[in-house]
Amino acid sequence: MVPLAERFTRPSVMGVVNVTPDSFSDGGVHLDPEAAADSARRMVQDGAAIVDIGGESTRPGSEGVSLDDELDRVVPVLELLGGRVPVSIDTAKAEVARRAVGLGAELVNDVTALRGDPELAAVVAESGAYLCLMHMLGEPRTMQADPRYDDVVSEVAAFLEERLRFAVAEGIAEERICLDPGIGFGKTVEHNVELLRRLDAIVALGRPVLVGVSRKRFLGRLLGDSEATTSPLAASLAGAVAAYARGAAILRVHDVRETVVALAVAKEVLA
Ligand code: HH2
(Lines give C-alpha, C1' and ligand atoms only; values in the text may rest on other atoms or scores of the structure.)
Protein backbone atom coordinates (compact mmCIF):
# COMPACT_ATOMS: atom_id res chain seq x y z
CA MET A 1 0.00 0.00 0.00
CA VAL A 2 1.29 3.48 -0.82
CA PRO A 3 2.24 5.60 2.19
CA LEU A 4 -0.56 7.83 3.46
CA ALA A 5 1.40 10.97 2.58
CA GLU A 6 1.46 9.89 -1.10
CA ARG A 7 -2.15 8.76 -1.18
CA PHE A 8 -3.33 12.04 0.40
CA THR A 9 -1.14 14.81 -0.95
CA ARG A 10 -1.47 18.27 0.67
CA PRO A 11 -4.15 19.50 0.59
CA SER A 12 -6.62 16.62 0.36
CA VAL A 13 -10.28 16.87 1.24
CA MET A 14 -12.17 14.25 3.25
CA GLY A 15 -15.93 14.61 2.75
CA VAL A 16 -18.24 13.85 5.69
CA VAL A 17 -21.35 11.68 5.43
CA ASN A 18 -22.95 11.00 8.81
CA VAL A 19 -25.52 8.23 8.61
CA THR A 20 -27.08 9.31 11.91
CA PRO A 21 -30.28 10.96 13.13
CA ASP A 22 -28.40 13.29 15.48
CA SER A 23 -25.11 14.58 14.04
CA PHE A 24 -24.79 18.26 14.82
CA SER A 25 -24.89 19.57 11.28
CA ASP A 26 -26.10 16.83 8.91
CA GLY A 27 -28.07 14.62 11.31
CA GLY A 28 -30.98 12.90 9.55
CA VAL A 29 -29.94 14.05 6.07
CA HIS A 30 -28.24 10.78 5.16
CA LEU A 31 -30.23 8.20 7.13
CA ASP A 32 -31.54 6.75 3.88
CA PRO A 33 -28.67 4.63 2.47
CA GLU A 34 -29.35 5.76 -1.10
CA ALA A 35 -29.17 9.42 -0.05
CA ALA A 36 -25.94 8.78 1.84
CA ALA A 37 -24.39 6.93 -1.12
CA ASP A 38 -25.48 9.70 -3.52
CA SER A 39 -23.84 12.32 -1.29
CA ALA A 40 -20.63 10.28 -1.12
CA ARG A 41 -20.49 9.92 -4.92
CA ARG A 42 -21.15 13.62 -5.37
CA MET A 43 -18.40 14.55 -2.92
CA VAL A 44 -15.86 12.53 -4.89
CA GLN A 45 -17.04 14.16 -8.14
CA ASP A 46 -16.57 17.50 -6.39
CA GLY A 47 -12.97 16.67 -5.59
CA ALA A 48 -12.91 14.80 -2.28
CA ALA A 49 -10.01 12.35 -2.01
CA ILE A 50 -12.07 10.21 0.35
CA VAL A 51 -15.48 10.23 2.07
CA ASP A 52 -15.75 9.54 5.80
CA ILE A 53 -18.82 7.43 6.59
CA GLY A 54 -19.95 7.52 10.21
CA GLY A 55 -22.81 5.80 12.06
CA GLU A 56 -22.24 7.33 15.49
CA SER A 57 -22.50 10.99 16.37
CA THR A 58 -19.70 12.27 18.59
CA ARG A 59 -21.20 15.74 19.00
CA PRO A 60 -20.95 17.22 22.50
CA GLY A 61 -23.47 15.49 24.78
CA SER A 62 -24.09 12.46 22.57
CA GLU A 63 -24.61 9.06 24.20
CA GLY A 64 -23.13 6.57 21.77
CA VAL A 65 -24.85 3.87 19.75
CA SER A 66 -25.01 0.07 19.92
CA LEU A 67 -22.92 -2.12 17.62
CA ASP A 68 -26.00 -3.41 15.81
CA ASP A 69 -27.39 0.06 15.20
CA GLU A 70 -24.06 1.35 13.95
CA LEU A 71 -23.68 -1.63 11.58
CA ASP A 72 -27.28 -1.19 10.36
CA ARG A 73 -26.50 2.42 9.47
CA VAL A 74 -23.16 2.13 7.70
CA VAL A 75 -23.10 -1.34 6.09
CA PRO A 76 -25.90 -0.65 3.55
CA VAL A 77 -24.13 2.54 2.47
CA LEU A 78 -20.80 0.77 2.06
CA GLU A 79 -22.54 -2.00 0.09
CA LEU A 80 -24.13 0.52 -2.25
CA LEU A 81 -20.78 2.20 -2.83
CA GLY A 82 -19.31 -1.24 -3.49
CA GLY A 83 -15.67 -0.24 -3.19
CA ARG A 84 -16.06 2.10 -6.19
CA VAL A 85 -15.92 5.26 -4.08
CA PRO A 86 -12.92 5.83 -1.77
CA VAL A 87 -14.25 5.73 1.78
CA SER A 88 -13.07 5.85 5.35
CA ILE A 89 -15.03 4.58 8.32
CA ASP A 90 -15.54 6.89 11.29
CA THR A 91 -15.79 4.39 14.12
CA ALA A 92 -14.23 3.34 17.41
CA LYS A 93 -15.62 -0.21 17.17
CA ALA A 94 -13.46 -3.06 15.88
CA GLU A 95 -16.39 -4.98 14.40
CA VAL A 96 -17.62 -1.95 12.44
CA ALA A 97 -14.09 -1.34 11.17
CA ARG A 98 -13.71 -5.02 10.22
CA ARG A 99 -16.92 -5.00 8.19
CA ALA A 100 -16.08 -1.66 6.62
CA VAL A 101 -12.58 -2.60 5.44
CA GLY A 102 -14.06 -5.86 4.12
CA LEU A 103 -16.41 -3.68 2.05
CA GLY A 104 -13.55 -1.54 0.75
CA ALA A 105 -12.91 1.18 3.36
CA GLU A 106 -9.35 2.40 3.00
CA LEU A 107 -8.97 4.29 6.25
CA VAL A 108 -10.18 3.83 9.82
CA ASN A 109 -10.91 7.14 11.54
CA ASP A 110 -10.93 6.49 15.28
CA VAL A 111 -11.78 9.50 17.46
CA THR A 112 -10.62 7.51 20.52
CA ALA A 113 -7.12 6.94 19.07
CA LEU A 114 -7.25 3.18 19.82
CA ARG A 115 -8.43 3.68 23.42
CA GLY A 116 -12.06 2.69 22.82
CA ASP A 117 -11.97 -0.91 21.65
CA PRO A 118 -8.99 -3.15 22.48
CA GLU A 119 -9.59 -5.17 19.28
CA LEU A 120 -9.41 -2.25 16.87
CA ALA A 121 -5.61 -2.05 16.55
CA ALA A 122 -5.45 -5.68 15.36
CA VAL A 123 -8.18 -5.06 12.77
CA VAL A 124 -6.24 -2.12 11.35
CA ALA A 125 -2.89 -3.93 11.51
CA GLU A 126 -4.22 -7.04 9.75
CA SER A 127 -6.23 -5.21 7.10
CA GLY A 128 -3.47 -2.83 6.07
CA ALA A 129 -5.91 0.10 6.22
CA TYR A 130 -4.80 3.67 6.87
CA LEU A 131 -5.51 5.02 10.36
CA CYS A 132 -6.33 8.42 11.82
CA LEU A 133 -5.53 8.90 15.51
CA MET A 134 -7.45 11.83 17.06
CA HIS A 135 -7.09 13.61 20.39
CA MET A 136 -10.15 13.86 22.62
CA LEU A 137 -10.26 14.92 26.27
CA GLY A 138 -12.86 12.80 28.06
CA GLU A 139 -15.80 11.41 26.11
CA PRO A 140 -18.47 13.07 23.94
CA ARG A 141 -21.16 12.99 26.66
CA THR A 142 -19.14 15.19 29.02
CA MET A 143 -16.14 16.52 27.08
CA GLN A 144 -17.34 20.12 26.83
CA ALA A 145 -18.23 20.41 30.54
CA ASP A 146 -15.08 22.20 31.68
CA PRO A 147 -12.05 21.24 29.59
CA ARG A 148 -8.74 22.32 31.14
CA TYR A 149 -5.12 22.12 30.06
CA ASP A 150 -1.89 23.68 31.31
CA ASP A 151 -0.71 23.96 27.71
CA VAL A 152 -3.20 22.54 25.25
CA VAL A 153 -0.74 22.32 22.36
CA SER A 154 2.02 20.43 24.17
CA GLU A 155 -0.50 18.13 25.88
CA VAL A 156 -2.25 17.25 22.61
CA ALA A 157 1.11 16.74 20.88
CA ALA A 158 2.37 14.47 23.69
CA PHE A 159 -0.86 12.47 23.57
CA LEU A 160 -0.67 11.99 19.79
CA GLU A 161 2.99 11.01 19.97
CA GLU A 162 2.18 8.38 22.60
CA ARG A 163 -0.77 7.01 20.59
CA LEU A 164 1.40 6.89 17.46
CA ARG A 165 4.02 4.82 19.33
CA PHE A 166 1.25 2.56 20.66
CA ALA A 167 -0.21 2.00 17.18
CA VAL A 168 3.20 1.17 15.74
CA ALA A 169 3.87 -1.25 18.63
CA GLU A 170 0.56 -2.92 17.72
CA GLY A 171 1.89 -3.61 14.23
CA ILE A 172 0.44 -0.68 12.26
CA ALA A 173 3.05 0.80 9.93
CA GLU A 174 3.83 4.41 10.82
CA GLU A 175 3.60 5.43 7.15
CA ARG A 176 -0.09 4.45 7.22
CA ILE A 177 -1.01 6.78 10.10
CA CYS A 178 -2.17 10.40 10.27
CA LEU A 179 -2.77 12.51 13.39
CA ASP A 180 -5.59 14.88 14.32
CA PRO A 181 -5.68 17.43 17.17
CA GLY A 182 -9.45 16.80 17.55
CA ILE A 183 -10.86 20.29 17.17
CA GLY A 184 -13.94 20.61 19.40
CA PHE A 185 -13.34 17.40 21.35
CA GLY A 186 -12.92 18.57 24.95
CA LYS A 187 -11.72 22.06 24.05
CA THR A 188 -12.86 25.62 24.58
CA VAL A 189 -12.95 28.15 21.74
CA GLU A 190 -9.54 29.39 22.92
CA HIS A 191 -8.09 25.86 23.00
CA ASN A 192 -9.25 25.24 19.43
CA VAL A 193 -7.81 28.51 18.16
CA GLU A 194 -4.52 27.89 19.96
CA LEU A 195 -4.23 24.42 18.43
CA LEU A 196 -4.76 25.79 14.94
CA ARG A 197 -2.42 28.71 15.52
CA ARG A 198 0.35 26.39 16.70
CA LEU A 199 -0.46 23.45 14.45
CA ASP A 200 3.24 23.28 13.56
CA ALA A 201 3.83 21.51 16.90
CA ILE A 202 1.55 18.68 15.72
CA VAL A 203 3.04 18.69 12.21
CA ALA A 204 6.49 18.36 13.86
CA LEU A 205 5.52 14.86 15.02
CA GLY A 206 6.33 13.87 11.46
CA ARG A 207 2.99 12.49 10.31
CA PRO A 208 0.40 14.06 8.00
CA VAL A 209 -2.12 16.06 10.04
CA LEU A 210 -5.89 15.84 9.54
CA VAL A 211 -8.04 18.73 10.77
CA GLY A 212 -11.83 18.96 11.08
CA VAL A 213 -13.23 22.42 11.74
CA SER A 214 -16.17 22.19 9.35
CA ARG A 215 -19.41 23.70 10.70
CA LYS A 216 -18.16 23.36 14.27
CA ARG A 217 -19.73 25.46 17.01
CA PHE A 218 -16.46 27.08 18.08
CA LEU A 219 -16.39 28.99 14.79
CA GLY A 220 -19.90 30.30 15.37
CA ARG A 221 -18.92 31.27 18.93
CA LEU A 222 -15.73 32.92 17.68
CA LEU A 223 -18.03 35.12 15.59
CA GLY A 224 -19.88 36.27 18.69
CA ASP A 225 -22.84 33.89 18.91
CA SER A 226 -22.38 32.40 22.38
CA GLU A 227 -25.18 29.86 21.81
CA ALA A 228 -24.01 28.69 18.37
CA THR A 229 -24.23 24.95 17.70
CA THR A 230 -22.81 25.23 14.18
CA SER A 231 -21.13 27.83 11.97
CA PRO A 232 -21.58 29.55 8.60
CA LEU A 233 -19.96 28.16 5.45
CA ALA A 234 -17.61 31.14 5.15
CA ALA A 235 -16.25 30.44 8.63
CA SER A 236 -15.67 26.77 7.79
CA LEU A 237 -13.83 27.72 4.60
CA ALA A 238 -11.63 30.21 6.42
CA GLY A 239 -10.90 27.59 9.07
CA ALA A 240 -9.95 24.99 6.47
CA VAL A 241 -7.66 27.39 4.61
CA ALA A 242 -6.04 28.58 7.85
CA ALA A 243 -5.45 24.99 8.98
CA TYR A 244 -3.92 24.17 5.60
CA ALA A 245 -1.68 27.25 5.79
CA ARG A 246 -0.47 26.03 9.19
CA GLY A 247 0.44 22.62 7.78
CA ALA A 248 -2.68 20.43 7.72
CA ALA A 249 -2.62 17.81 4.98
CA ILE A 250 -6.22 16.52 5.06
CA LEU A 251 -9.27 18.71 5.72
CA ARG A 252 -12.39 16.91 6.93
CA VAL A 253 -15.36 18.90 5.63
CA HIS A 254 -19.09 18.79 4.93
CA ASP A 255 -19.01 21.31 2.06
CA VAL A 256 -16.64 19.60 -0.33
CA ARG A 257 -17.06 21.63 -3.52
CA GLU A 258 -16.54 25.00 -1.84
CA THR A 259 -13.58 23.75 0.21
CA VAL A 260 -11.85 22.24 -2.83
CA VAL A 261 -12.11 25.61 -4.60
CA ALA A 262 -10.85 27.56 -1.58
CA LEU A 263 -7.91 25.20 -1.09
CA ALA A 264 -6.99 25.28 -4.79
CA VAL A 265 -6.49 29.04 -4.54
CA ALA A 266 -4.73 28.82 -1.19
CA LYS A 267 -2.37 26.18 -2.55
CA GLU A 268 -1.26 28.40 -5.42
CA VAL A 269 -0.68 31.38 -3.15
CA LEU A 270 1.01 29.51 -0.31
CA ALA A 271 3.15 27.21 -2.52
N1 HH2 B 1 -15.09 15.56 13.96
C2 HH2 B 1 -16.28 14.92 14.06
C3 HH2 B 1 -16.38 13.54 13.85
N4 HH2 B 1 -15.29 12.82 13.53
N5 HH2 B 1 -12.97 12.71 13.07
C6 HH2 B 1 -11.78 13.31 12.98
N7 HH2 B 1 -10.69 12.59 12.65
N8 HH2 B 1 -11.64 14.67 13.20
C9 HH2 B 1 -12.69 15.45 13.53
O10 HH2 B 1 -12.50 16.67 13.75
C11 HH2 B 1 -13.98 14.85 13.64
C12 HH2 B 1 -14.08 13.44 13.41
C13 HH2 B 1 -17.51 15.71 14.41
O14 HH2 B 1 -18.13 16.20 13.27
P15 HH2 B 1 -19.36 15.49 12.53
O16 HH2 B 1 -18.97 14.15 12.02
O17 HH2 B 1 -19.89 16.39 11.51
O18 HH2 B 1 -20.47 15.39 13.66
P19 HH2 B 1 -21.03 14.21 14.56
O20 HH2 B 1 -19.91 13.71 15.41
O21 HH2 B 1 -22.12 14.87 15.36
O22 HH2 B 1 -21.55 13.12 13.67
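As the structure lists them, so they are numbered: ligands from 1, and atoms in each ligand from 1. Starting from 1, each residue takes its place in the sequence as its number.
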Numbered atoms and elements of ligand 1 in range of Asn18, under 4.0 angstrom, heavy atoms: 15 (P), 16 (O), 17 (O), 18 (O), 22 (O)

side-chain contact (heavy atoms from CB on, under 4.5 Å) between Asn18 and His254, worked out: CA-CA 10 Å; Asn18 289 311; His254 303 82; 4.2 Å; yes

Test of proximity, Ser57 against ligand 1: N or O pairs below 3.5 Å: yes

Val213, Asp110, Asn109: member with heavy atom nearest to atom 5 (N) of ligand 1: Asn109

Step-by-step salt bridge (charged side-chain N to carboxylate O under 4.0 Å, His left out) determination, Arg252 to Asp90: CA-CA 11 Å; Arg252 182 181 183 278; Asp90 188 352; 3.1 Å; yes

Contact atoms of ligand 1, heavy-atom distance to Cys132 under 4.0 Å: 7 (N)

Backbone of Asp22 reached by a side-chain donor or acceptor of Arg59 within 3.5 Å: yes

Atom 6 (C) of ligand 1: nearest protein contact (heavy atom, Å): Asp180 OD2, 3.1 Å

Polar contact flag for Asp52 and ligand 1 (N/O pairs, less than 3.5 Å): no

Structural part of Ser23 in contact with ligand 1, heavy atom criterion under 4.0 angstrom: both

Atoms in ligand 1 with a heavy atom of Arg59 nearer than 4.0 Å: 20 (O), 21 (O)

For atom 2 (C) of ligand 1, the protein heavy atom that lies nearest, with its residue and separation: Arg252 NH1, 3.4 Å

Aromatic plane relationship, His135 with Tyr149 - under 30° parallel, 30 to 60° tilted, over 60° perpendicular: tilted

Exercise: do Asp110 and Thr112 side chains pair donor with acceptor under 3.5 Å: yes

Check: Leu210 N/O within less than 3.5 Å of ligand 1 N/O: no

Arg257 atom CZ: more than 12 heavy-atom contacts under 6.0 Å: no

Atoms in ligand 1 flagged as close to His254, the criterion being non-hydrogen separation under 4.0 Å: 17 (O)

N or O contact, Lys216 vs ligand 1, cut-off under 3.5 Å: yes

Ion pair check, Arg198 and Asp151, cut-off under 4.0 Å: yes

Distance-only N or O hit between ligand 1 and Asp22, under 3.5 Å: no

Region of Asp90 engaging ligand 1 - heavy atom pairs below 4.0 Å: side chain

Note: Lys93-Glu95 ion pair, threshold 4.0 Å (strictly below): no

Short N or O distance, Asp26 and ligand 1, threshold 3.5 Å exclusive: no

Interfacing atoms of ligand 1 (cut-off 4.0 Å, heavy-atom, Val111): 4 (N), 5 (N), 12 (C)

Salt bridge (charged side-chain N to carboxylate O under 4.0 Å, His left out) between Arg221 and Glu190, worked out: CA-CA 10 Å; Arg221 296 187 183 191; Glu190 293 74 23; over 6 Å; no

Region of Thr58 that comes within reach of ligand 1 [heavy atoms, distance under 4.0 Å]: both

Thr91 versus Glu70, side-chain donor and acceptor atoms under 3.5 Å: yes

Ser88 side chain to Asn109 side chain, donor-acceptor N/O pair below 3.5 angstrom: no

